Structures are given as C-alpha cells and as structure tokens.
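It should be emphasised that the depicted structure is a prediction, and the values quoted were computed from it without experimental measurement. Hydrogens, waters and symmetry mates are skipped; everything else that's a heavy atom, side chains included, is used. Just so you know, ligand 1 is whichever comes first in the structure, and atom 1 is the first atom listed for that ligand.
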Amino acid sequence: MLQGKKILLGISGSIAAYKTAVLVRLLIKEGAEVKVVMTPAAKEFVSPLTLSTLSKNAVLTDIANNDSWNNHVILGRWADIMIIAPLSCNSLAKLAHGLCDNLLTAVYLSATCPVFVAPAMDEDMWNHPATQNNVDIIKSFGNTIIPVESGELASGLIGEGRMAEPQTIVNALNNCFLSSKELAGKKVLVTAGPTYEAIDPVRFIGNHSSGKMGVAIANEFQKRGAEVTLVLGPSSISTMPNMNVVRVQSAEEMFEACSNIFGTMDIAIMSAAVADYTPAIVAEEKIKKSTDRFSIELKKTKDILKHLGEIKKEKQLLIGFALETQDEKKYALKKLSEKNADLIVLNSLNDNGAGFGFDTNKITIFDKSGREYQFDTKSKTAVAIDIVNTIIQL
Ligand code: CTP
C-alpha cells in the first residue's frame with residue numbers, strides 16, 4: 001500500500017526517537033520514499049547518519065545550511081503524507097499554537113498533505129490538561145493522532161505515554177491509503193454499550209460497559225466506506241457524524257432492533273454487554289421500601305448473537321465478543337461454536353488495560369478453522385483497526 005508513496009518523517013526530541021530507525025526501515029521495506037526532518041533536540045536521541053543511511057536521503061535539521069536554505073514549503077508539498085514520530089510534548093505545543101522556530105515546525109505549517117502524529121512523553125505530561133488541550137487543538141486542524149500506548153516509560157514508571165510501535169505507525173499510514181471504498185456497498189451492524197433492565201420506573205439493572213469499544217469499531221467500519229448501523233445501549237460516547245444510530249435501552253429492545261435489520265446486513269459485530277437476565281416483572285410504580293430483605297425474580301434475556309447465528313445466511317459474517325475471567329480460551333471457543341459465529345473476540349479481565357472503563361484493550365481473535373490472532377494492549381481505536389482488518393482478511 002505504501003509502494004511509491006512519498007513519506008516525510010518528522011522527528012522531535014524524545015527518547016522514543018531511537019525507534020525511528022526501525023520505522024524508516026519498515027517504510028522503506030514497504031516501498032515508500034522517505035525523507036527525514038529532525039528538530040535540533042532529536043539529534044541527541046538518534047543520529048542523522050543512521051537515518052540518512054536507512055532512508056537513502058539526506059536528513060534535514062536546519063532551516064539554513066551554510067549559504068543554502070532548506071525550502072520548507074517545497075518539502076511540505078513534496079510529501080503524500082507527513083508523520084511526526086515521536087511528537088514530544090514541547091513540539092505538540094508548538095504545532096497547536098503555530099510556532100515555527102525550527103525546520104520541522106515550519107514544514108508542518110507548510111504541509112498540504114495529511115499529517116499523522118505519534119506522541120511520546122511521560123504519563124503525567126500526557127495527562128496534563130494543557131497537553132490534552134493541545135491534542136484536541138491539533139485534532140481540530142484535521143491531524144490524525146496515533147494513540148499513545150501503555151507500558152514502561154523513560155522515567156521508569158509504568159503508564160500511558162509510550163510512542164506507538166513502528167509497525168502500528170506503518171499500519172496507520174497503510175490504512176490512510178486504503179481506498180475509502182474498500183468496504184463500500186457493505187452493510188454492517190454493530191451493537192455497543194450496556195443494556196439497562198428496568199426494575200420499576202426509576203431503577204434498573206445495568207453494567208459498567210461504556211460502549212467505547214463498539215463505537216470505535218462502528219467508526220472504523222464507516223471510515224472504510226461501509227454503511228454502518230449502530231445499535232447502541234445507554235452510552236454517552238459520541239459517534240462519527242452521519243452514522244445511523246438506533247438507540248435502545250433494554251436487551252429486549254436491542255434484540256428487536258437487531259433481528260429486524262440483520263437480514264439486510266453483510267457483517268454483524270455484537271460487542272454490546274447485553275444483560276443476561278432481566279426482572280421477570282417490571283413494577284408499574286416506584287417500589288416502596290418495606291421489608292428488610294427484598295428479592296427480584298429475574299428471567300433470561302434472549303441471546304441476540306445466538307439468534308442471529310441461527311438465522312445467518314451463508315454469505316453473512318457474524319462476530320461475537322467474549323468477556324471472560326477464567327478458562328478464557330475454552331469459553332471463547334465454546335461461544336464461537338454454540339452461537340454459530342465466524343469469529344469471537346476475546347477479552348480477559350485478567351489482562352492489564354482490558355475491559356470496562358479502560359481506554360485500552362487487549363484482545364485475541366479466534367476463527368472457526370482454529371486460527372488464533374493475538375494482539376498487544378492498545379487503544380480501543382487501534383484495537384478496532386485490528387478487528388476490522390481481521391474481518392476483511394476473512
Ligand atoms: N450476547 C448477546 N445477547 C445476550 C448476551 C450476550 O448477543 N443476551 C452476546 C454479546 O454481545 C457477546 C457474546 O454474546 O458478543 C458473548 O457475551 P458474554 O456476556 O461474554 O457471554 P454470554 O453468552 O452472556 O455467557 P456468560 O455470561 O455465561 O459468559
């Protein structure tokens with residue numbers, strides 16, 4: 001996908017700059033033409049000689065060399081895509097506020113191509129409201145942020161802020177060049193979020209699902225050109241504009257919504273955390289406090305994934321999730337066969353950074369032929385890309 005593409009790599013001053021040697025190697029292996037621009041601080045972390053050798057192009061670091069001037073406008077216009085990796089906290093602030101005191105920031109301001117950035121910094125700096133504000137500002141300019149990853153940081157602390165791995169960056173650039181028509185004409189159903197099962201007019205039984213994972217999957221499908229219908233339980237996560245969203249509350253409503261439209265779908269991904277049980281009787285009036293002990297009789301909800309597996313036609317793809325706390329693989333494979341799904345995406349609550357409430361997830365995907373695809377802990381947006389890529393391979 002990157003064959004013949006002109007890629008301008010901007011490197012700013014962060015320890016993660018050492019990874020750019022691998023990044024340049026991967027880009028060249030993909031057939032891209034790479035030019036490198038570095039900030040003065042970046043030279044402390046990785047040698048221009050290494051990068052010029054790997055990229056087969058001179059590395060530019062200064063606005064002027066001796067008597068000649070490096071034309072930042074021409075460089076900005078040369079590129080098909082610009083990637084700034086690592087993007088340090090300081091350089092991020094400069095991009096957000098239009099400062100151009102070095103060649104990299106001047107080229108950025110002149111770039112007419114899509115710009116991707118892969119931030120890298122310590123967790124406290126990353127979480128600071130000033131940094132998050134700057135991220136929002138450069139997002140609003142149309143730049144794409146390749147999410148930071150969790151792990152060991154330069155400070156020795158463990159947390160969020162690591163630059164995305166070089167291969168993740170290459171994948172993000174590849175995705176950018178994938179035609180937006182890749183999934184054009186495909187209809188995709190995604191369920192997301194929790195369900196709320198009413199006890200009486202003011203109370204319900206719910207769960208901690210935020211809907212982030214399912215919404216990220218729906219967004220990714222829409223980016224690839226699919227026509228997406230998102231059946232979304234109670235969740236405050238916002239979706240991409242123009243997405244067809246069907247809002248539901250209960251498992252029964254989600255079942256009805258999905259059963260009604262599944263027949264016209266090519267792909268269905270059931271990522272919602274659907275309640276397994278619902279009150280057998282919903283009180284019409286608010287239940288008053290009386291006895292010391294109080295029980296609610298629950299009945300099973302309808303299993304949406306299982307039902308869709310029963311009515312699935314040959315050409316339809318059905319993907320389920322499995323959230324497990326023990327014997328993860330055994331239970332995931334059981335769900336794959338019992339619910340007649342084509343893929344099961346497993347997340348284990350035993351993995352750090354996986355499950356409800358996190359911005360990250362760690363998944364393993366199982367298919368019917370016994371193949372197992374393992375992925376590292378990543379942001380939910382990056383996980384959504386992996387899930388969509390795996391479905392496309394299928
Ligand atoms: N699911 C569904 N309808 C339900 C319950 C679950 O469609 N009433 C779907 C989920 O969206 C998920 C898959 O089934 O894709 C597995 O959900 P999970 O809660 O992990 O498993 P359950 O089938 O509910 O089994 P258990 O709770 O015993 O693990």
Plane angle bin for Tyr196 and Phe204 - parallel if under 30°, tilted between 30 and 60°, otherwise perpendicular: parallel

Lys362 side chain to Phe375 backbone, donor-acceptor under 3.5 Å: yes

Working for side chain to side chain donor-acceptor pair (under 3.5 Å), residues Asn143 and Tyr108: CA-CA 11 Å; Asn143 300 319; Tyr108 163 76; 2.8 Å; yes

Backbone of Leu92 reached by a side-chain donor or acceptor of Asn134 within 3.5 Å: no

Lys/Arg-Asp/Glu bridge criterion (N-O < 4.0 Å) met for Lys334, Glu324: no

Salt-bridge contact Lys288-Glu285 (side-chain N to carboxylate O under 4.0 Å): no

For ligand 1, list every N/O pair with the protein closer than 3.5 Å, one pair per line with the distance.
unit_1	atom_1	unit_2	atom_2	d
ligand 1	3 (N)	Ile304	N	3.0
ligand 1	7 (O)	Ile304	N	3.4
ligand 1	7 (O)	Leu305	N	2.8
ligand 1	8 (N)	Thr301	OG1	3.3
ligand 1	8 (N)	Lys302	O	3.1
ligand 1	11 (O)	Met270	O	3.3
ligand 1	11 (O)	Ala272	O	2.8
ligand 1	14 (O)	Lys339	NZ	3.0
ligand 1	15 (O)	Met270	O	2.6
ligand 1	15 (O)	Phe321	N	2.8
ligand 1	15 (O)	Phe321	O	3.3
ligand 1	20 (O)	Leu323	N	3.3
ligand 1	20 (O)	Lys335	NZ	2.8
ligand 1	21 (O)	Lys335	NZ	2.8
ligand 1	23 (O)	Lys339	NZ	2.4
ligand 1	24 (O)	Asp276	OD1	2.8
ligand 1	24 (O)	Asp276	OD2	3.1
ligand 1	27 (O)	Asp276	OD2	2.9
ligand 1	29 (O)	Lys335	NZ	2.8

